[in-house]
There are 2 protein chains.
Amino acid sequence: MIEFRDKKYRCASEVAMELVSGKWKVLILSHLSEHTFRFGELLKLMPGATHKMLAEQLRDLECDGLIIRSVYPVIPPKVEYELTDRGMRLVPILKALCDFGADYIDSFPAQSPVMEEEQA
Amino acid sequence: MIEFRDKKYRCASEVAMELVSGKWKVLILSHLSEHTFRFGELLKLMPGATHKMLAEQLRDLECDGLIIRSVYPVIPPKVEYELTDRGMRLVPILKALCDFGADYIDSFPAQSPVMEEEQA
DNA sequence: CAGTATCCAGGCCGATACTG
DNA sequence: CAGTATCGGCCTGGATACTG
């Protein structure tokens, strides 16, 4: 049992899972792994994401120390987001998950025609 | 955009994320990576998990092809769970997540006092 | 011992509207 | 352009009870 930030976790991987638990966080981190983005740019990159959700999850990621929010005091406001070093270390793991997911998807159509064994 | 099993995903990693999205799945896979377990054994290994939740998530994992459920037609019923090859391939990734999580917790010494807490 | 169905609470997510 | 607040729906997860 791990206690962290007043919450209890069953293993350290659940801490990491919670960091990216939001619906859009993986995608946000993925985009930011390429380069810095402004708020509006990220919003355009994620069709389906609402303004509120993006702001919410960006704040989470900032609080978790995975991204940095840079505010430029200009009119109109300009805010840029970039990965922290910690965030960058998470990206390869998400990439591994991505590879697994892709492989997983790939492996399914092959199961229909190839019937080695009857499955109930 | 990826379509898979009548759902839409923003990237392949979200497919993988969904495979372990349940609250106990990571822990289940973690235990099964050691060796085969019976239902009741798993339940004991996961304090806090309810009978129903364990059954539910085990079924999910079975449907997703990550674990195998072996039913022994004896009285009383005996059911054993073990990882599939696909499940085994997921474990190292979860391990990486675990390492990241542990490292993450470590990097917040001020916030992870791990002080004594009331435990019933 | 193992599994399922039902009911219910809480959290996540989305739409909208408002501020600076 | 960027962010916040509120309201409401949906889905996840938990308690209980019942079956085999």
Side-chain angles (χ1 to χ4, degrees), chain A residues 5-11 14-15 17-29 31-32 36-64 67-82 120, chain B residues 5-11 14-15 17-29 31-32 36-64 67-82 120:
Chain A
R5 293 183 185 171
D6 301 327
K7 294 180 194 167
K8 294 179 194 294
Y9 297 92
R10 288 162 288 282
C11 55
E14 302 215 20
V15 177
M17 289 288 290
E18 180 155 323
L19 296 180
V20 293
S21 63
K23 187 173 180 179
W24 304 94
K25 291 186 184 175
V26 171
L27 199 54
I28 292 172
L29 293 174
H31 285 310
L32 291 182
T36 297
F37 278 110
R38 297 185 55 177
F39 184 89
E41 292 171 334
L42 281 173
L43 197 56
K44 288 197 201 87
L45 285 172
M46 296 188 256
T50 62
H51 187 120
K52 175 208 162 196
M53 283 313 302
L54 183 55
E56 204 169 282
Q57 311 226 336
L58 282 169
R59 282 190 70 179
D60 278 358
L61 292 171
E62 189 196 6
C63 287
D64 291 339
I67 66 175
I68 294 174
R69 187 174 74 129
S70 306
V71 182
Y72 298 83
V74 298
I75 304 293
K78 175 179 175 181
V79 183
E80 286 193 335
Y81 296 90
E82 61 186 312
Chain B
R5 293 182 186 172
D6 303 326
K7 295 180 194 166
K8 292 181 195 296
Y9 298 91
R10 288 163 287 283
C11 54
E14 302 216 18
V15 176
M17 289 288 289
E18 180 154 323
L19 296 180
V20 292
S21 62
K23 187 173 180 180
W24 305 93
K25 292 186 184 175
V26 171
L27 200 52
I28 292 172
L29 294 174
H31 285 310
L32 291 182
T36 298
F37 278 109
R38 297 185 54 178
F39 185 89
E41 292 172 335
L42 280 172
L43 198 55
K44 288 197 200 88
L45 285 172
M46 298 188 254
T50 63
H51 186 121
K52 175 208 161 193
M53 282 314 300
L54 183 56
E56 203 169 283
Q57 310 227 338
L58 281 170
R59 280 190 70 181
D60 278 357
L61 291 171
E62 189 197 6
C63 288
D64 292 338
I67 66 176
I68 295 173
R69 186 173 74 130
S70 306
V71 182
Y72 297 84
V74 297
I75 305 292
K78 176 178 175 181
V79 182
E80 286 192 336
Y81 296 90
E82 61 186 312

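Just so we're clear, the structure is a prediction, and the values are computed from it rather than from any experiment.
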**Message:** Taking salt bridge (Lys or Arg N to Asp or Glu O under 4.0 Å) as the criterion, tell me which of B/Lys25, B/Lys8, B/Lys7 meets it with B/Glu18.
**Reply:**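 Output: one option passes, namely B/Lys7.
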
**Item:** side chain to side chain contact (heavy atoms under 4.5 Å, CB included) between A/Trp24 and B/Arg10, intermediate numbers included
**Value:** CA-CA 9 Å; A/Trp24 304 94; B/Arg10 288 163 287 283; 3.0 Å; yes

**Item:** Atom pair CG (B/Leu32) and CG (B/Leu61), whose distance is rounded to the nearest 0.5 Å
**Value:**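 Between B/Leu32 CG and B/Leu61 CG, I get 8.0 Å after rounding to 0.5 Å.
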
Does OP1 or OP2 of [N] have a side-chain N or O of [X] closer than 4.0 Å?
{"X": "A/Trp24", "N": "C/dG14", "result": "yes"}
{"X": "B/Arg69", "N": "C/dA2", "result": "no"}
{"X": "B/Gln57", "N": "D/dT12", "result": "no"}
{"X": "A/Arg59", "N": "D/dG3", "result": "no"}

**Message:** Mind checking if A/Tyr72 touches a base, just sugar-phosphate, or nothing, with heavy atoms under 4.0 Å?
**Reply:** nothing

Round to the nearest Å and state the distance from [X] atom [atom1] to [N] atom [atom2].
{"X": "A/Leu54", "N": "D/dA5", "atom1": "CG", "atom2": "P", "answer": "17 Å"}
{"X": "A/Glu18", "N": "D/dG13", "atom1": "CD", "atom2": "P", "answer": "13 Å"}
{"X": "B/Lys8", "N": "C/dC13", "atom1": "NZ", "atom2": "P", "answer": "20 Å"}
{"X": "A/Asp60", "N": "C/dC12", "atom1": "CG", "atom2": "C1'", "answer": "11 Å"}
{"X": "B/Lys23", "N": "C/dA9", "atom1": "NZ", "atom2": "P", "answer": "18 Å"}
{"X": "A/Met53", "N": "D/dT6", "atom1": "CE", "atom2": "C1'", "answer": "15 Å"}
{"X": "A/Leu43", "N": "D/dC1", "atom1": "CG", "atom2": "C1'", "answer": "11 Å"}
{"X": "A/Phe37", "N": "D/dC1", "atom1": "CZ", "atom2": "P", "answer": "17 Å"}

**Item:** side chain to side chain contact (heavy atoms under 4.5 Å, CB included) between B/Met53 and B/Met46, intermediate numbers included
**Value:** CA-CA 11 Å; B/Met53 282 314 300; B/Met46 298 188 254; over 6 Å; no

**Message:** B/Arg69: which residues meet the side-chain contact (heavy atoms from CB on, under 4.5 Å) condition with it, sequence neighbours left out?
**Reply:** B/Glu62, B/Val71, B/Val79, B/Tyr81

**Request:** Under the side-chain contact (heavy atoms from CB on, under 4.5 Å) rule, collect the residues that match up with B/Arg38, sequence neighbours excluded.
**Result:** B/Glu41, B/Lys78, B/Glu80

**Asked** With A/Glu56, which residues qualify under salt bridge (Lys or Arg N to Asp or Glu O under 4.0 Å), at least two apart?
**Response** A/Lys52

Can you name the atoms? Protein N/O to nucleotides 16-20 of chain C N/O, anything below 3.5 Å, with the distance.
none

**Asked** Got a sec: does the CZ of B/Arg59 have more than 12 other heavy atoms crowding it under 6.0 Å?
**Response**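 No - once you tally the heavy atoms of other residues, nucleotides and ligands closer than 6.0 Å, there are 12 at most.
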
**Request:** Could you pull out all residues at least two apart from B/Phe39 that satisfy ring pair (Phe, Tyr, Trp, His ring centres under 6.0 Å)?
**Result:** B/His51

**Message:** To the nearest 10°, give me the bend of the helix from C/dC1-D/dG20 to C/dG20-D/dC1, comparing the axes of its five terminal pairs at either end.
**Reply:** 30°

